[in-house]
Structures are given as C-alpha cells and as structure tokens.
Protein chains: 2
Amino acid sequence: MSRRDFHRATEAERRHDLIEATLDCIAEAGLQGATVRQIADKAGVTAGLIRHYFASKDVILQEAYKVLITRLTEKAKNLDGTPEQRLASFIFVNLTEPVANSRSLSLWAAFISRVSVDPALAAIHREGYLSFRQELEQLLADFFAARGVAADPARICTLAIAMNGILDGLWLEGCLAGELFGEGELVSIAFSSIEALIGHPIKPPTPTETDREYRDALRIHHR
Amino acid sequence: MSRRDFHRATEAERRHDLIEATLDCIAEAGLQGATVRQIADKAGVTAGLIRHYFASKDVILQEAYKVLITRLTEKAKNLDGTPEQRLASFIFVNLTEPVANSRSLSLWAAFISRVSVDPALAAIHREGYLSFRQELEQLLADFFAARGVAADPARICTLAIAMNGILDGLWLEGCLAGELFGEGELVSIAFSSIEALIGHPIKPPTPTETDREYRDALRIHHR
DNA sequence: CTCGCAGTTATTCAAGCGTATAACAAATCC
DNA sequence: GGATTTGTTATACGCTTGAATAACTGCGAG
C-alpha cells in the first residue's frame, strides 16, 4: 500500500476535473453511480478532496448541472449571419453533434429526474430554460423584423415555447433512436415543422468549408 | 413497540400496491428515494415483504416501469372513429391529462435516466417505444389509405418517428412549463406542426358530451 | 533555511442500503 | 381440530454511502 502521488493543482483545474469526473460518472452509471468515491477515483484523487472544494455532494452535482446546461446551450448562442441564417443555424446546432448524442441525453435525463425533487436543481434548470427560450425569442423577433412582419410579443413567446418543444422532442428522438435515421433527416423534419409553425419558409444555413458534419447531414437527408 | 397489524392480501393486490407505492416514492423523491424501506412504508407493510413478491429491488423497479409505460400509452390505443378521428385523438390524448402532467414527467425522466445504464430497463423501454411507434404507424397508414394516398412503408416509418418526436417534445414542454400556456395551445401547435409534417390537414377529434377537458382545451385554444 | 499553512491523502464514523433469516399469525388441509 | 403451509413481521448482517477528522506533503513567506 503505497501512498497516492501527491500532486497540487490550481483551484480552477481541480474544480474542472472534479466536475468532469462527475459528469463522466453520471453518464456511465447514472446518478446512483456518481458517488464521492467513484468521482474521486475517476478524477484521480481521494474522496476527501471533494469536500475540500465543494461543501457537499449536492453542491458538486449542482455545479455539474450548470456546466452541462451551459455546454448544451452555448453552441446555440452567439450565432452570426442574417436573422434567417441565425434561426436556421439554431435549429441545426441543436439537432446535431455535439449537442445531440446519447451521452447528452443520459446526463440530461439524470438531472431532469431530480429537478422536481431538488429545489436547487430546479432553480438552475429554470434559469437555463428561460435563458434558452429568451435567446430563441430574440431570434424569432429578429427573424420577423427582418421580414417586415408585425411581431406580437405574446405570439413570439408562444412560438418560442412551441419551437422549443419541437426541438426538444426531435433532439430526444435523435438521441434515443439516432441510428434509425440520419441527422439530416431530423434537421429536415425540424425545418418543415417549424416553418409550418411560424408560417414562413426558412432557408437552411450556409455551410462553411470546414463544416463536414453539415454536408454529411445534407447527404443523408437527400439520399 | 406493538407489532404491526397482520393483514393478508391477495397476490394481485399486494403486487399492485407495492408497485403503486414504488411509483409514488419515485415521483416524490426520485429514484434515490425509492428504497425498499420507503416503498414498504408507503404501502403499509414491512420491508421484508417486498422480497417475498419481487426477487430483488431491481425487479420491482422494472415492473413499475412496465406499469408506467402501459399507463402512458394505453390511452392512445384502441381509439375509435374514422382514421382521421383516431389520428386526431391520438395527438390529443398524448398532450392532455392524464398523460401529460408533471408527475408523469418525473417518473418518465427517472426511468429514462437509467435506461442507458440498466439493460433490463433498456429492454422494457425498447419494447414500449416500438409498440407505441407501431401503433402510430398503423394510424398513419390507415389515415393515408382512407385518403387514397400511396403509403410507402419507409415514409410512414419516418413520419411516425418524426411525429413521435414532436409529440414527445410538446408533451415534455407541457409537463415542464404547463402553467405557461393552456393545454389547448399545445394541442393546437401539435396539429399545425403535424399537418405540415404529413402534408395533410387533420380535423380535430369530435368531442363527446362528457369530455369537458376537451372543451376546455378548445376554449383556451380559441381565446 | 525552516516553518507555517494550504492542499491532499488516509482513516474513521454513523447512517442507510439491499438482503437474508428467524419468529410469528392466520388461513388451509386432512 | 391439530399439523402444515404460506403471508407477514421483525431482526440481524455485511456493505456502501456522505461526511468528519487526523496525518502527511510540499511550496512560499520571512
């Protein structure tokens, strides 16, 4: 029994590593598999260190949830292009890698199942959800404005909720049954559904040269 | 310390009570709150009895998941009316009580988060999912047949997946943010999205006299 | 250069977990 | 109407959990 290597790290590094380890544990074995010992083991430290950086196990779970939400939504923020392009990119980004995959779903479901139980997680969820929807509302408002269409805020709100629902459902379906149909198919379905919803056609986003994934998606879509 | 009342029950009753208690525990405190002691307490028996009816705690969870899936899907089966009415009812039933509420979502998320971890739950999930989609495919096939439209099986399969996704997402949205918009709004959004998806209008289902909930939904929808 | 101190490891603790088993109560059988 | 079987309670066991604490390590201040 030799003593574990003693390695000092900065606070930022440690917290990051521990949170990543937490997410890994949850993805691999569910919330029940994310014990302080498993997390510490995956992060290459001993269990006691977790309590040195996080007041309790609940706190590290909350931090991990924040990181997950950020990761799932950051790609859909700061899009550029015309309002139409941004809206199209928003749809695309949310239904393709790295947002849409089975690991994301596992993590998301694990936390969602505790949102109704743990008030702290519920607050984090609420914040992330409202922020995401607000982003979507802005996109829609810009889209309508660019088309010279009158944009009733209440209607935009409803549309955002509905569009959010459609994206969630297709994202879910893609994560769950991803092998049953290509990513491009999902994106295509999303476009036609959402076009019907808002009553306007949306041009697909202009692919960049390096966006191989997008071309793959289109290829699957059109085959 | 007096001994707990000794009350004999039939096997069907006991199993039912224990499974209901399990679902209650999960809904109230998450999967982590569904311990054998909590379940037994909620069912009004002692912990040992659970192992008399179920080989292990995993088994009672599996049985509870089966019951949940059945409850969430049975309302959408054996619909009657014309193919168009059945399809419309299918949409409606899946987006209103008792299928769409926050308790359903809590339970669903709890189990989904373990589907990727527990092979037994994965098998149950797969069966329920495929059965649900097959039901939907049949509805779509009948719908197209009644309209005299050529129904390519592969296309129907894709449509069923997409429609399933849209329904899932709106169901999710309704469960999560149900207070933010009326049920009728959700149903209305579902109709317009799905009509766009399949390229045909769908008449809303004919309400029965006793279907107060439906009238409420429509009222909210048209306000 | 050494000494204090913050970061890390190792160990310990009480509580709760799933499970096993023994004791008990009420039907059922002969 | 006693013996037997079966549903139920009660207790115990071994293990894991989150948390607390003690021991150790190495860097930086003085």
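Here is how names work: the chains are called A, B, and so on, in the same order as the sequence lines, proteins then strands, and each is numbered from 1.
For B:His52, a side-chain nitrogen or oxygen approaches OP1 or OP2 of D:dG7 to under 4.0 Å. An OP1 or OP2 oxygen of D:dT8 is reached within less than 4.0 angstrom by a side-chain nitrogen or oxygen of B:Tyr53.
Evaluation of the side chain to side chain donor-acceptor pair (under 3.5 Å) rule for A:Ser104 yields A:Asn101 as partners, not counting sequence neighbours. With sequence neighbours excluded, the residues forming a salt bridge (charged side-chain N to carboxylate O under 4.0 Å, His left out) with A:Asp24 are A:Arg103, listed by chain and number. Contacts of A:Thr22 classified as side chain to side chain contact (heavy atoms under 4.5 Å, CB included), with partners at least two apart in sequence or in another chain: A:Ile26, A:Ile39, A:Ile60, A:Leu61, A:Ala64. Taking the side chain to side chain contact (heavy atoms under 4.5 Å, CB included) definition, one finds that B:Glu127 meets it with nothing, sequence neighbours left out.
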Checklist outcome for this item: Given protein heavy atoms under 4.0 Å, the one-letter contact record of nucleotides 23-30 of chain D, with B base, S sugar-phosphate only and - none, is simply -SBB----
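A salt bridge (Lys or Arg N to Asp or Glu O under 4.0 Å) with A:Glu20 holds for exactly one of A:Arg14, A:Arg15, A:Arg71; it is A:Arg71.
When rounded to the nearest whole Å, the span between CG of A:Asp5 and C1' of C:dG7 equals 15 Å. Here the C1' atom of nucleotide C:dA10 and the CD1 atom of A:Ile50 are 15 Å apart, to the nearest Å. The separation between A:Arg4 atom CZ and C:dG7 atom P is 19 Å, rounded to whole Å. The interatomic distance linking A:Leu31 (CG) with D:dG18 (P) rounds to 11 Å, in whole Å. If you take CD of A:Glu13 and C1' of C:dA6, they are 16 Å apart, rounded to a whole angstrom. Distance B:Asp17 CG to D:dG7 P: 16 Å, rounded to the nearest Å. Distance B:Arg15 CZ to D:dT8 P: 13 Å, rounded to the nearest Å.
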Protein-nucleic acid N or O pairs under 3.5 Å, nucleotides 12-22 of chain C:
unit_1	atom_1	unit_2	atom_2	d
C:dG18	OP1	B:Lys57	NZ	2.8
C:dG18	OP2	B:Val36	N	2.9
C:dG18	N7	B:Arg37	NH1	2.9
C:dG18	O6	B:Arg37	NH2	2.9
C:dT19	OP2	B:Lys57	N	3.0
C:dT19	O5'	B:Arg51	NH1	3.3
C:dA20	OP2	B:Arg51	NH1	2.5
C:dA20	OP2	B:Arg51	NH2	2.5

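Evaluation of the ring-ring contact (aromatic ring centres under 6.0 Å, His included) test over residues 93-118 of chain B, restricted to residues two or more places apart or in two chains, returns B:Tyr65-B:Phe111, B:Trp108-B:Trp171. Applying the ring-ring contact (aromatic ring centres under 6.0 Å, His included) test to pairs two or more places apart or on separate chains, those with a residue in residues 112-133 of chain B are B:Phe90-B:Phe132. Residue pairs meeting the ring-ring contact (aromatic ring centres under 6.0 Å, His included) criterion with at least one member in residues 2-39 of chain A: none, sequence neighbours excluded. Judged as a side-chain hydrogen bond (donor to acceptor under 3.5 Å, both in side chains), the pairs with a partner in residues 37-52 of chain B (not counting sequence neighbours) are, in order, B:Glu28-B:Lys42.
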Taking distance alone, no hydrogens or angles, what donor-acceptor pairs closer than 3.5 Å link side-chain atoms of residues 133-140 of chain A to residues at least two apart or in another chain?
unit_1	atom_1	unit_2	atom_2	d
A:Gln138	NE2	A:Asp142	OD1	2.9

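Between the side chains of A:Ser106 and B:Ser116, a donor-acceptor pair is found at a separation under 3.5 Å.
Annotation: proximity of residues 110-124 of chain B to DNA chain D (heavy atom, distance under 4.0 Å) is found for no residue.
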